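No experiment lies behind these values; they were computed from the predicted model shown.
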Amino acid sequence: MNGHTPRAEPDPRPPHRRPDPGPGSGATPEDAVTAVRRADDDAASPPRLTDPLRHPQHAGEGTRARRAWTLLLSTLVVPGSAQLVAGRRATGRAALKADVVVWAALALALVSLLLWRTPLIWFLTNSLTSLLLIAVLLGLALGWAFLFFDTLRLIRPGLLAQRTRRAVAAATVALMLVTSGGLAYSAYLLSVTRGAVSDVFGGGLPFRPADGRYNILLMGTDSGEDRSGRRPDSMTVLSVDADSGRTVTISLPRNLQNAPFPEDSPLAEVYPEGFDCGDECILNALYTDVTNNHADLYPDAEDPGAEAMKDAASGVLGIEVQAYAIVEMNGFEQLVDALGGITIDVGGRVPIGGGTDLVTGLPNEIFGYIEPGVQHLDGYHALWYARSREGATDYDRQARQRCVQAAMLKQLNPVNVLARFQDLAESGTQVVETDIPQSQIGSFVDVALKAKEHELVQFAAGPPYYDPSFPTYPDYDRLHEDLAQVLEEATDRGAREAEALPRGAAVGPGVAMAVPVPAALPRVPAEELTPNGTCSVP
């Protein structure tokens, strides 16, 4: 021949018509580098190597850098795609299958969040399913971290320029912290939630609304060394409309007398005329009385005193109180601090300390004051603001406690809860006791989200809504009628009807705040609070 070397040309025949080279023929594997010459190549030039994604050693510096960033971003956006295009097909396909399952689960969760939140919240708070989800999150965190490490290996940092190599390594670490770290932290938060839910909430089946409302008795107790037994210092029924989330807080004076009991209460036989055993039988004394003398009437209850208080609240208000929650005041300070404090517009000067020493009978020292105006209170000052008796009536204290409750509810926004989640969960397990079943959380969270859209309505079985003599000589039939009107207005339909009334028209006691006392007593306007008890939540 004339010594001319023929050029290597691609086989024009379709792949399925090419002859099988057979074993031992030296054929090139499908995923190996291939060599081709174009028609205008010089005869002495080497063949061109293709597929820089799999063979970056034959690519230029710019191509290698683009390849590195492409593989890294692919692992971030679609985990497993980098392995698939770079030749590790088994790993890539397994990761892509996991991607599909995760996206399907997220889509299902989003649909549930928008249309029906209760099953989603149940899944997140149930002991078994939350444990399963924690394991899944940790598995995904480890899997994503592995894919980033494997992607870095596929990038082959040694082939990159020094500056590019450092940037790619730093970006890999940052992306791993965001992705795997985020999943691991989510698993940790879910673990904290699971522990707190198990510690605070009980077992059993969820209960249904009573006449369309959830009614929960909230009690603040102080079992200090100077106390004989546990007595609720503050009692409030939280009544929430199950459909709209509109909420009414109803304060019960601790000195309320002759509290009646529903017919199905075991205490109805012990106290057929109500809790009327004398001056000592005020409402908050019932807890200790039942705990010490009638615990056998509630054989299945973990806290017979609390169950008795639920029965008394039901009889006093004429509604079914379905559950209770007790906040121990000794731990209340920690709970407020976990919220980051609360903001209250203080109406009048409130002493820190004061009162009378029950042992010596001498006045207690006053350590300072909470001054009027908008104040951001930490746990210590919020506790004193809620409980201070110096220069105040019980009704002033109740009014301040309602302000504290409203301020705490306002602070429970998603951003604040997420930022302080661990502290809130830990303080909640130390402060709160309740008979609300764990299975009820889903419906309660759903209603609570609706409640954030409405103003909190306040009412009380005493001043400033009734005359100061009302707790001593209560007219429970009148209280039931007034409360029924307040609760009716705390629905979507009732709110629309109230808005339709002409300005100046008579409305319920929850708005007018001037309900007359029973007919047997002089009809006088309700007593106004002193400056010590006036406050609002800005």
Provide the closest heavy-atom pair for [X] versus [Y] in the form atom of the first, atom of the second, distance.
X: T343; Y: V537; result: O-CG1, 4.0 Å
X: P468; Y: P463; result: CA-CG, 3.6 Å
X: A268; Y: P262; result: CB-O, 3.5 Å
X: L283; Y: A312; result: CD1-CB, 3.9 Å

Checklist entry - Does anything in residues 316-325 pair up under side-chain hydrogen bond (donor to acceptor under 3.5 Å, both in side chains), and if so which pairs, sequence neighbours excluded? => result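 Checked against side-chain hydrogen bond (donor to acceptor under 3.5 Å, both in side chains) - neighbours excluded - no pair reaches residues 316-325.
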Check: [Y] main-chain N/O paired with [X] side-chain donor or acceptor under 3.5 Å:
X: D311; Y: S314; value: no
X: Y214; Y: R208; value: no
X: T129; Y: F123; value: yes
X: H454; Y: S244; value: yes

Next on the checklist: Whether K450 and D241 form a salt bridge (side-chain N of Lys/Arg under 4.0 Å from carboxylate O of Asp/Glu) is what I want to check.
Outcome noted: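 Not counted as a salt bridge, because no side-chain N and carboxylate O are separated by less than 4.0 Å.
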Checklist entry - Salt-bridged, E489 to R246, with N to O below 4.0 Å? => result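 Between R246 and E489 there is no salt bridge, as every charged N stays at least 4.0 Å from the carboxylate O atoms.
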Next on the checklist: Nearest 0.5 angstrom please: E481 CD to Y476 OH, how far?
Outcome noted: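 Those atoms lie 15.5 Å apart.
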Next on the checklist: How long is the straight-line distance from CZ of F207 back to CD1 of I436, given to the nearest 0.5 Å?
Outcome noted: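 Between I436 CD1 and F207 CZ, I get 5.5 Å after rounding to 0.5 Å.
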Is there a donor-acceptor contact under 3.5 Å linking the side chains of [X] and [Y]?
X: T530; Y: N532; value: no
X: D477; Y: H480; value: no
X: D303; Y: Y287; value: yes

Checklist entry - By side chain to side chain contact (heavy atoms under 4.5 Å, CB included), which residues pair with A451, not counting sequence neighbours? => result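 Partners of A451 by the side chain to side chain contact (heavy atoms under 4.5 Å, CB included) criterion, ordered by chain and then number, come out as T247.
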Checklist entry - Residues two or more places apart in sequence or in another chain: which of them pass side chain to side chain contact (heavy atoms under 4.5 Å, CB included) with V346? => result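 Only I344, I370, Q375, Y385 meet the side chain to side chain contact (heavy atoms under 4.5 Å, CB included) criterion with V346.
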Next on the checklist: Which residues pass the salt bridge (Lys or Arg N to Asp or Glu O under 4.0 Å) test with E455, not counting sequence neighbours?
Outcome noted: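 Applying salt bridge (Lys or Arg N to Asp or Glu O under 4.0 Å) to E455 gives none.
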Checklist entry - Got a sec, which residues hit salt bridge (Lys or Arg N to Asp or Glu O under 4.0 Å) with R213, two or more places apart in sequence or on another chain? => result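 Partners of R213 by the salt bridge (Lys or Arg N to Asp or Glu O under 4.0 Å) criterion come out as none, since no residue qualifies.
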Checklist entry - Going through the checks in order, is the salt bridge (Lys or Arg N to Asp or Glu O under 4.0 Å) test met by D396 and R400? => result CA-CA 6 Å; D396 290 329; R400 285 189 264 114; 6.0 Å; no
Next on the checklist: Just to verify, what does F275 make a ring-ring contact (aromatic ring centres under 6.0 Å, His included) with, not counting sequence neighbours?
Outcome noted: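 Per chain and number, F275 pairs via ring-ring contact (aromatic ring centres under 6.0 Å, His included) with Y271.
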